[in-house]
There are 2 protein chains.
Amino acid sequence: MDSATIQTVERLSGNTGKRPTVQTFMQASPRDALDLLEQFGATVSVQRDQEIHGQGEEANSCYRILRGCVRMVKLMEDGRRQIGEFLMPGDLLGFDALETHDFAAEAVSDVVLRRYPRRMVDALAERNAHLARRLRDLTSISLRTAHARLVLLGRKTASERIATFLLEMAERLPQARAGVLDMPMSRTDMADHLGLTIETVCRILALLRREATVAIERGTIEIRDHASLQQMASEQRH
Amino acid sequence: MDSATIQTVERLSGNTGKRPTVQTFMQASPRDALDLLEQFGATVSVQRDQEIHGQGEEANSCYRILRGCVRMVKLMEDGRRQIGEFLMPGDLLGFDALETHDFAAEAVSDVVLRRYPRRMVDALAERNAHLARRLRDLTSISLRTAHARLVLLGRKTASERIATFLLEMAERLPQARAGVLDMPMSRTDMADHLGLTIETVCRILALLRREATVAIERGTIEIRDHASLQQMASEQRH
DNA sequence: CGAGCACTTGAAAGATTTCAAGTCCAGTGG
DNA sequence: CCACTGGACTTGAAATCTTTCAAGTGCTCG
């Protein structure tokens with residue numbers, strides 16, 4: 001995948017005008033400290049299946065997803081793949097990186113992002129305690145998500161994984177549209193996220209469909225029976 | 001487990017003397033920003049199998065492990081257990097928490113910790129950018145560790161998990177004592193860390209012993225053939 | 001309209017788990 | 001000091017869940 005295909009669509013001119021002073025940053029206390037970054041953002045588009053950044057690549061930018069879906073991918077030498085998570089509009093990417101990115105980021109669908117220079121993020125954080133705190137909390141939230149996934153991958157059955165995944169996706173969508181999930185990722189992507197094979201994912205989704213727990217269409221899954229899914233997600237074993 | 005059994009062994013009186021001013025904190029630039037916390041630390045002991053803090057419990061303290069081994073545990077309703085990681089002397093605990101602890105922390109062996117009040121950690125970080133940055137990086141490091149474990153749990157075979165685990169433990173020990181690992185945790189603990197059963201852990205360790213890749217004794221595992229382990233850790237499949 | 005890819009579904013294979021006995025120690029009490 | 005007990009650890013055999021292998025089906029795009 002060729003990250004050169006990323007196109008800068010728009011670059012706000014916020015930093016060509018009068019430069020805000022350090023004092024401004026220290027006093028600033030917007031609703032969300034991240035708003036401080038906005039003036040340094042650039043909007044970029046990435047096409048489906050293109051790489052936003054590679055695994056192990058130097059972390060020079062952070063992003064906010066404006067449109068589309070992104071997958072965070074780790075690849076083993078022999079091709080086995082683990083998708084750490086899927087990012088949806090509103091989600092942030094790369095704010096918790098160290099020197100390099102842990103995962104490659106790839107566009108699942110056509111994606112529009114807002115890109116921020118990491119140098120700037122770090123520089124601002126150094127002067128603004130609110131922002132610093134916000135960034136730390138962001139990373140803690142990512143960590144919490146990862147920890148929940150350890151249990152899913154380490155101890156849950158295939159059915160539990162699928163059910164948990166669907167419920168998580170449902171919770172993330174603040175869409176009024178009750179229970180209709182955008183699922184732009186392929187079965188392979190789901191499998192690589194859940195530590196299963198594509199066939200197992202298919203079979204379990206087929207099961208859910210036959211039970212009328214979900215209605216499946218190209219690119220969407222509608223949750224018809226939330227309670228059944230919840231039960232399936234935490235089936236008591238034994 | 002009764003966290004009331006934690007005993008305060010020693011409480012430094014650093015904060016009873018003249019209080020450092022905010023100015024002091026902002027100018028302070030010790031080798032490690034975390035050193036700022038030292039004067040607010042208290043040393044506590046926890047006995048084997050006692051809880052240091054519960055899962056979901058409010059995060060009021062952070063800790064540094066001085067002696068012994070700690071396991072970070074998540075428990076499912078039906079008793080299935082996932083150990084997120086084992087902490088060894090020098091490791092930090094709870095610095096990446098949000099309001100509550102993701103995991104319960106339990107003493108694998110008798111443990112001695114240095115405890116710091118979280119309120120203080122956060123208050124200092126608000127005034128000292130170095131410390132704030134250090135805390136953010138700490139959390140990022142935890143995140144990186146968790147991400148590596150996602151691949152292990154999602155995509156690696158039982159043998160690869162064991163081999164990877166042993167190599168990781170080896171890397172963490174800066175002990176001059178080449179390849180002799182302190183392994184105070186039970187087989188069950190290892191299994192719950194690696195997403196396996198205790199029997200599978202036993203069988204694979206037995207295999208490694210028969211191959212003379214490792215030498216196993218009560219509480220220690222000596223790595224005799226590092227190369228074999230490395231190969232086993234990243235066996236090309238197919 | 002055909003090719004290719006994503007997705008399904010069935011059947012066989014396999015890795016790991018579950019069930020079942022032991023074995024080996026460490027600590028306890030006689 | 002030594003037998004005893006319980007828990008941790010081992011090992012074997014059967015069971016099972018998931019994967020692997022195979023063979024379609026059905027879209028979508030050219």
Side-chain angles (χ1 to χ4, degrees), chain A residues 47-49 69 71 76 78-83 108-110 152-163 165 183-211 214-221 232 235-238, chain B residues 47-49 69 71 76 78-83 108-110 152-163 165 183-211 214-221 232 235-238:
Chain A
Q47 289 183 327
R48 189 170 192 277
D49 283 335
C69 174
R71 61 176 171 251
M76 290 175 65
D78 61 0
R80 279 177 284 176
R81 203 173 72 138
Q82 177 68 39
I83 293 181
V108 171
S109 52
D110 287 352
L152 181 139
L153 293 174
R155 286 301 179 217
K156 292 197 180 181
T157 66
S159 302
E160 289 172 333
R161 294 182 199 191
I162 302 265
F165 175 58
M183 298 292 276
M185 68 293 288
S186 69
R187 296 285 184 269
T188 305
D189 285 344
M190 290 186 216
D192 287 342
H193 180 49
L194 300 174
L196 301 171
T197 59
I198 179 177
E199 293 94 332
T200 301
V201 171
C202 268
R203 276 187 255 271
I204 291 174
L205 285 178
L207 200 73
L208 287 173
R209 180 168 39 68
R210 271 181 246 122
E211 289 177 341
V214 303
I216 298 174
E217 280 178 46
R218 187 145 212 80
T220 71
I221 296 184
M232 193 178 196
E235 208 71 66
Q236 306 287 302
R237 302 197 75 191
H238 249 250
Chain B
Q47 288 183 328
R48 189 171 193 277
D49 284 336
C69 173
R71 61 176 172 251
M76 290 176 65
D78 61 0
R80 279 177 284 175
R81 202 174 72 137
Q82 177 69 38
I83 294 182
V108 170
S109 51
D110 287 353
L152 182 140
L153 293 175
R155 286 299 178 219
K156 292 197 179 179
T157 65
S159 303
E160 290 172 333
R161 294 182 200 191
I162 302 264
F165 175 58
M183 297 292 277
M185 69 292 289
S186 68
R187 297 286 184 267
T188 305
D189 285 344
M190 290 186 215
D192 287 342
H193 180 49
L194 300 174
L196 301 171
T197 58
I198 178 178
E199 293 94 334
T200 301
V201 171
C202 270
R203 276 186 255 269
I204 292 174
L205 285 179
L207 201 72
L208 287 173
R209 180 168 38 68
R210 271 181 248 123
E211 291 177 339
V214 302
I216 299 175
E217 281 178 45
R218 189 145 208 84
T220 70
I221 296 184
M232 194 179 196
E235 208 70 69
Q236 305 286 303
R237 302 197 74 192
H238 248 252

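Checked against dT10(D), dT9(C), dT11(D), the side chain of Arg210(A) finds its nearest nucleotide in dT9(C). Here the side chain of Thr197(A) is nearest to one of dT11(D), dT18(D), dT20(D), namely dT20(D). With distances taken from any side-chain atom of Ser186(B) to the nucleotides dT9(C), dT17(C), dC9(D), the minimum falls on dC9(D).
Arg218(A) comes within 4.0 angstrom of the backbone, heavy atoms only, and of no base. Arg209(A) comes within 4.0 angstrom of the backbone, heavy atoms only, and of no base. Residue Gly195(A) is in sugar-phosphate contact alone, with no base atom involved, counting any heavy-atom pair closer than 4.0 Å across all strands shown.
Rounding to whole angstrom units, CG of residue Leu205(B) and C1' of dA8(D) are separated by 14 Å. The CZ-P distance, from Arg155(A) to dT18(D), rounds to 13 Å in whole Å. Atoms CZ (Arg161(B)) and C1' (dA15(C)) sit 11 Å apart, rounded to a whole Å. Rounded to an integer number of Å, the gap from CD1 of Ile162(A) to P of dC17(D) is 16 Å. If you take CD1 of Ile221(B) and C1' of dC9(D), they are 12 Å apart, rounded to a whole angstrom. Rounded to whole Å, the distance from CZ on Arg80(A) to P on dA15(C) is 13 Å. Atom CD1 of Ile198(A) and atom P of dC5(C) are 13 Å apart (whole Å). Counting to the nearest Å, the C1' atom of dC7(C) and the CE atom of Met183(A) are 14 Å from each other.
Contact check, Thr200(B) against dT17(C): a side-chain N or O comes under 4.0 Å of OP1 or OP2.
Comparing Val201(B) and Met185(A) against DNA chain C, the residue whose closest nucleotide sits nearer the 5' end is Met185(A). Each of Glu199(B) and Ile216(A) has a nearest nucleotide on DNA chain C; the 5'-most of these lies closest to Ile216(A).
Judged by distance alone, with hydrogens and angles left aside, Arg203(B) brings a side-chain donor or acceptor within reach of the base of dT18(C), the pair sitting under 3.5 Å.
Sparse packing is recorded around CD of Glu217(B), with 12 or fewer heavy atoms of other residues, nucleotides or ligands lying under 6.0 Å away.
Interatomic distance, CD1 of Ile162(B) versus CG of Leu208(B), reported as 7.5 Å (0.5 Å rounding). From Leu194(A), atom CG reaches atom CD of Gln82(A) across 8.5 Å, with rounding to the nearest 0.5 Å. Between the CZ atom of Arg203(B) and the OG1 atom of Thr197(B) there is a distance of 7.0 Å, given to the nearest 0.5 Å. Note that the CD atom of Glu160(A) and the CZ atom of Arg80(B) stand 4.0 Å from one another [nearest 0.5 Å].
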